[in-house]
Amino acid sequence: MTEERREKIRVLLSEKPFVSLAELCSMFPSVSDMTIRRDIEYFEKIGAAIKVRGGARSVKFIGDTTEESIASRMNSRVEEKTKIAKAAARYLEPGRSIFVDSGSTVGRLSYFLPSERLTFTTTSPSIALELCKTGVHVVNIVGGRVDRDNFSVSGMYAMKFISDMNIDVAFLCPSGLSLSGSFTCGNYSECELKSTVAKKARLVVMLMDKTKVDKMLPFTFCGMEDVDVLVTDGKLPEELERKAKESGTRIIDVSA
C-alpha cells in the first residue's frame, strides 16, 4: 500500500512543480495527514522534492520554473539593459505616482532620474536604496516577504499595500514573453502582485531584453493588451509584432 501510494505521488511530482498537502490528503482519504507528511519527507530524503509550507516542490521543475538569481542577472547584458532603461526613463513624470518593479533591467532606471522630485513605490529593497541616493525623491517600499532569489517583496502584506494605493505609471519587468503575447514569471506571489499593478496603473511600461522572447514561465501576470509601451533591444517575432499592433502597444526598439 505504501509503495503504491508513493508511486502515485512520484508520478504527480514528475508532472507538477508543486503538490499541496491538501491535494494529497484528498487523493488518499484512507491515510492520515501525518502519513502524507512522512511521504513528503521520504521524497525530500531521496532528492525528488523539497518540503515547503503546505506541500512539496518538485525538484524536476525547479530549474525550469524559478528564475536566475538577481545577482547573476545584474551581471548579464549590462549594456543592453542600460539602453532599455534609458529609453524607458522618458516616462518618468514629476507629479505622478510611479511604481518600479524589481529586476535587473528596471533597476537601471535609477541612472536616468530627472532632477525634479518624483514619488516612487517599489518592491525591491536594492532599487529603493538606489532611488534614495539623490536625496530629492520620495521613495516608498512595499512591505511583506522578501524573495531571496529575486530580492523582491511579495505576499499577503505586499498585496494589501498595493491594493490601497493609486498608480499612475508602472515600470514592470517580465521573466518571459510567450508567442501568445503573455508576460510570465516564475513565482506565483510575484505574479499576483504584478498583475494587480498592471490593472491599476494608468500607463504600463514593460522593460524587457530580447532573451525573454519566446520564453514561458509558469505564471502569466498580464497580456500584451495590458501594456502601453514595450521597451526592448531587438525586433520581435512577426506574431508578437502583430499582437502588439492589435493591442495598441507601442514598441521601442533600442537596437534600431
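If you read the sequence from its start, that first residue is 1, and numbering goes on from there.
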### Query
In terms of heavy-atom contacts, does CZ of F161 have more than 12 from other residues, nucleotides or ligands at under 6.0 Å?
yes

### Task
Taking the side chain as every heavy atom from C-beta outward, state whether Y91 and I98 have any pair of such atoms under 4.5 Å apart.
no

### Within one Ile-Leu-Val-Met-Phe-Trp-Tyr cluster: L129 and V153, side-chain cutoff 4.5 Å
no

### Query
About how many Å separate CD1 of I36 and CZ of R6, when rounded to the nearest 0.5 Å?
9.5 Å

### Message
Side chains of S178 and S180 only: does a donor on one sit below 3.5 Å from an acceptor on the other?
### Response
yes

### Message
Can you give me the closest heavy-atom contact between M165 and S97, atom names plus distance?
### Response
CE-OG, 3.9 Å

### Message
What verdict does the side chain to side chain contact (heavy atoms under 4.5 Å, CB included) test give for V19 and I9, after you've listed the backbone C-alpha separation in whole Å, the side-chain angles of each residue and the deciding distance to 0.1 Å?
### Response
CA-CA 9 Å; V19 180; I9 295 174; 5.8 Å; no

### Task
Mind listing the closest non-hydrogen atom pair of S189 and S154 along with its distance?
CB-OG, 3.6 Å

### Task
Check whether I141 and V169 end up in the same hydrophobic cluster, where Ile, Leu, Val, Met, Phe, Trp and Tyr are linked by side-chain heavy atoms less than 4.5 Å apart.
no

### Task
Could you walk me through whether M208 and V213 pass side chain to side chain contact (heavy atoms under 4.5 Å, CB included), step by step?
CA-CA 8 Å; M208 181 194 75; V213 175; 3.7 Å; yes

### Nearest heavy atoms of T220 and S182, plus distance in Å
CG2-CB, 3.7 Å

### Message
Given 3.5 Å as the limit, does a donor-acceptor pair link the side chain of D228 with the main chain of V204, or not?
### Response
yes

### Task
Please round to the nearest 0.5 Å and tell me the distance separating atom CG of L193 and atom OG of S152.
8.5 Å

### Query
Mind checking whether D101 and F171 have side chains closer than 4.5 Å, heavy atoms only?
no

### Summary
Closest non-hydrogen contact found for V142 with T121 is CG2-CG2, 3.8 Å

### Message
Can you tell me if N166 has over 12 outside heavy atoms packed within less than 6.0 Å of its CG?
### Response
no

### Side-chain heavy atoms of L236 within contact of L230, under 4.5 Å
yes

### Task
Considering non-hydrogen atoms only, spot the tightest contact between G103 and I127 and give its length.
O-CD1, 4.0 Å

### Query
Roughly how far apart are E116 CD and L92 CG, rounded to 0.5 Å?
10.0 Å

### Task
Please determine, by modelled atom types, if S195 and K199 share a side-chain donor-acceptor pair under 3.5 angstrom.
yes

### Query
Is any side-chain heavy atom of E7 closer than 4.5 Å to a side-chain heavy atom of V11?
yes

#### Entry: side chain to side chain contact (heavy atoms under 4.5 Å, CB included) between T2 and R5, worked out
CA-CA 5 Å; T2 299; R5 185 179 67 253; 3.8 Å; yes

#### Entry: Donor-acceptor contact present, side-chain R108 to main-chain T105, <3.5 Å
no

### Query
Between K194 and C173, is there a donor-acceptor pair closer than 3.5 Å when you use the side chain of the first and the backbone of the second?
yes

### Task
Measure the spacing between CG of D226 and CE of M206 and express it to the nearest 0.5 Å.
8.0 Å

### Query
Between CZ of F221 and CD of E190, what distance do you get to the nearest 0.5 Å?
8.5 Å

### Query
Do side-chain atoms of S124 reach the backbone of S102 as a donor and acceptor pair under 3.5 angstrom?
no

#### Entry: Pairs touching residues 112-135 that satisfy ring pair (Phe, Tyr, Trp, His ring centres under 6.0 Å), sequence neighbours left out
F120-H137

### Query
Just wondering, more than 12 heavy atoms not from K200 lying within 6.0 Å of its NZ?
yes

### Query
Is there a donor-acceptor pair closer than 3.5 Å between any side-chain N or O of D233 and the backbone N or O of K210?
yes

### Message
Check this for me: E3, atom CD, are more than 12 non-hydrogen atoms of other residues, nucleotides or ligands nearer than 6.0 Å?
### Response
no

#### Entry: same_hphob_cluster(V227, L179) at 4.5 Å side-chain heavy-atom cutoff
yes

### Message
Checking the side chain of T122 only, and the main-chain atoms of V100 only, is there a donor and an acceptor separated by less than 3.5 Å?
### Response
yes

### Task
Start with the C-alpha distance between F43 and R10, add both sets of side-chain angles, then the distance that settles side chain to side chain contact (heavy atoms under 4.5 Å, CB included), and finish with yes or no.
CA-CA 8 Å; F43 283 104; R10 185 195 64 76; 3.8 Å; yes

### Message
For a quick test of reading the model, state the closest non-hydrogen atom pair linking K243 to G181 and the distance between them.
### Response
CG-CA, 4.3 Å

### Message
Determine whether a donor-acceptor pair (N or O, by modelled atom type, separation under 3.5 Å) exists between the side chain of T184 and the backbone of L217.
### Response
yes

### Task
Answer yes or no: is there an ion pair linking E80 with K83, defined by an N-O contact shorter than 4.0 Å?
no

### Task
Please determine, by modelled atom types, if K81 and S104 share a side-chain donor-acceptor pair under 3.5 angstrom.
yes

Side-chain donor-acceptor distances from residues 23-31 under 3.5 Å, at least two apart:
from	atom 1	to	atom 2	distance (Å)
E23	OE1	K16	NZ	3.0
E23	OE2	K16	NZ	2.8

### Query
Salt bridge between R38 and E41, side-chain N to carboxylate O under 4.0 Å?
no

### Task
Measure the spacing between CZ of R57 and CD of E44 and express it to the nearest 0.5 Å.
12.0 Å

